[in-house]
Amino acid sequence: MAYRWTNDLTSADVTPQAAFLNRRQIMAGMAGAGLAAMTGGAAQAGEGLEPNSWEDVTTYCNYYEFGTGKGDPSANAHSLTTSPWSVTIDGMVDRPGEYDFNEILSEMTIEERIYRFRCVEAWSMVVPWNGFELADLLNMAGVKDGAKYVAFETLYRPSEMPGTQYRVLDWPYREGLRLDEAMHPLTLMATGIFGKPLPNQNGAPLRLVVPWKYGFKSIKSIVRLTLTDKEPPASWNMANPGEYGFYSNVNPNVDHPRWSQASERPLGGGLFARRKPTLMFNGYEEEVAALYDGMDLTRFY
Ligand SMILES: Nc1nc2c(c(=O)[nH]1)N[C@H]1C(S)=C(S)[C@@H](COP(=O)(O)O)O[C@H]1N2
Ligand SMILES: [Mo]
């Protein structure tokens with residue numbers, strides 16, 4: 001069990017700057033409508049998906065800082081102050097600092113992306129997100145050579161987060177991605193849903209969305225990103241490493257120790273709605289499988 005897969009990424013493994021610039025030039029040449037429909041792979045991955053209702057997306061939530069029940073975040077998260085908001089970007093970056101959220105927004109290209117969302121508890125939703133690519137934010141700060149991972153942290157503010165009085169998790173909530181996962185064009189920093197700003201219960205003002213990973217990787221209300229060369233701690237992995245790995249890729253072939261991950265229950269169709277088979281990488285296999293070439297996904301779950 002001492003074997004660990006080591007990350008030997010170099011900057012050549014992440015999205016090449018030329019592809020990034022090209023995408024930005026395309027975006028700049030288009031106005032609002034139809035934007036998402038023309039952004040290639042990301043839009044194709046969301047094609048034909050029927051979004052869940054606003055009600056489903058905003059009332060069936062996981063945000064333990066506001067309670068562990070699915071309805072607790074929508075009942076309690078109104079107490080969170082989300083403005084002003086700043087995001088610290090530090091570690092192995094050229095321009096570390098505390099960035100004001102509105103200044104970040106003014107630099108970013110906001111797009112709509114309709115993504116499948118798959119929870120480890122075997123329910124799923126389809127959510128129309130608004131946001132910008134995490135790669136754009138990382139490029140803004142300038143990732144230094146040698147950085148291999150991004151660590152994320154949620155706000156920890158007990159006075160506004162009633163759930164943090166219980167030590168169900170080791171606060172603040174933390175997550176991590178490998179740098180190539182973070183730079184992947186499907187990886188979104190969401191700032192809204194259904195074209196509206198993010199409701200607090202969904203992680204206002206800024207949360208991560210990685211559509212090929214289980215929902216718990218989608219860390220909410222982010223206040224810090226740290227570029228590092230070590231695999232960062234992740235809250236669910238710390239709480240229960242036997243059940244939650246660092247990678248957390250949606251994988252119908254690797255069961256959660258207490259239940260199968262082979263199928264899912266789409267929310268919104270009623271309790272007795274037909275389960276449907278879960279797709280490898282949540283249906284984004286074509287776009288992301290290459291990130292894991294040569295890795296044993298039963299070991300790195
Ligand atoms: N800070 C924080 N982020 C979090 C969580 C949490 O408890 N705290 N729960 C995670 C889990 S388990 C899921 S399934 C998703 C749920 O996102 P949603 O409520 O917008 O559907 O948020 C994730 N991000
Ligand atoms: Mo979850």
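Residue numbers start at 1 and run along the sequence shown. Please read these numbers as outputs of a predicted model, since none were measured by experiment. Numbering of ligands and ligand atoms starts at 1, following listing order.
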Going by atom type alone, with no hydrogens or angles, which donor-acceptor pairs under 3.5 Å involve a side-chain atom of residues 66-76 and a protein atom two or more places apart or on another chain?
from : atom 1 : to   : atom 2 : distance (Å)
K70  : NZ     : N62  : OD1    : 3.0
K70  : NZ     : E121 : OE1    : 3.1
K70  : NZ     : E121 : OE2    : 3.1
D72  : OD2    : T68  : N      : 3.3
D72  : OD2    : G69  : N      : 2.8
S74  : OG     : G71  : O      : 3.1
N76  : ND2    : F66  : O      : 2.8
N76  : ND2    : D72  : O      : 3.3

Check: Other hydrophobic cluster members with Y301, side-chain heavy atoms of Ile/Leu/Val/Met/Phe/Trp/Tyr under 4.5 Å, chained?
Finding: V254
Next item on the list: Among residues two or more places apart or on two chains, list those pairs meeting ring-ring contact (aromatic ring centres under 6.0 Å, His included) that have a residue in residues 70-110.
Entry: none
Notebook entry, point to check: Can you find a side-chain donor-acceptor pair between N130 and T191 that sits under 3.5 Å?
Noted result: no
Next item on the list: Compile the protein residues with any heavy atom at a distance under 4.0 Å from an atom of ligand 1; present them by chain, then by number.
Entry: C61, N62, Y63, Y64, E65, F117, C119, M125, T154, Y173, N202, R207, G215, F216, S218, I219, K220
Next item on the list: Measure from NZ or CZ of K220 to the centre of the six-membered ring of F152, then state whether that distance is under 6.0 Å and the direction lies within 45° of the axis.
Entry: no
Check: Would you call the rings of Y292 and F281 parallel, tilted or perpendicular, where under 30° means parallel and over 60° means perpendicular?
Finding: parallel
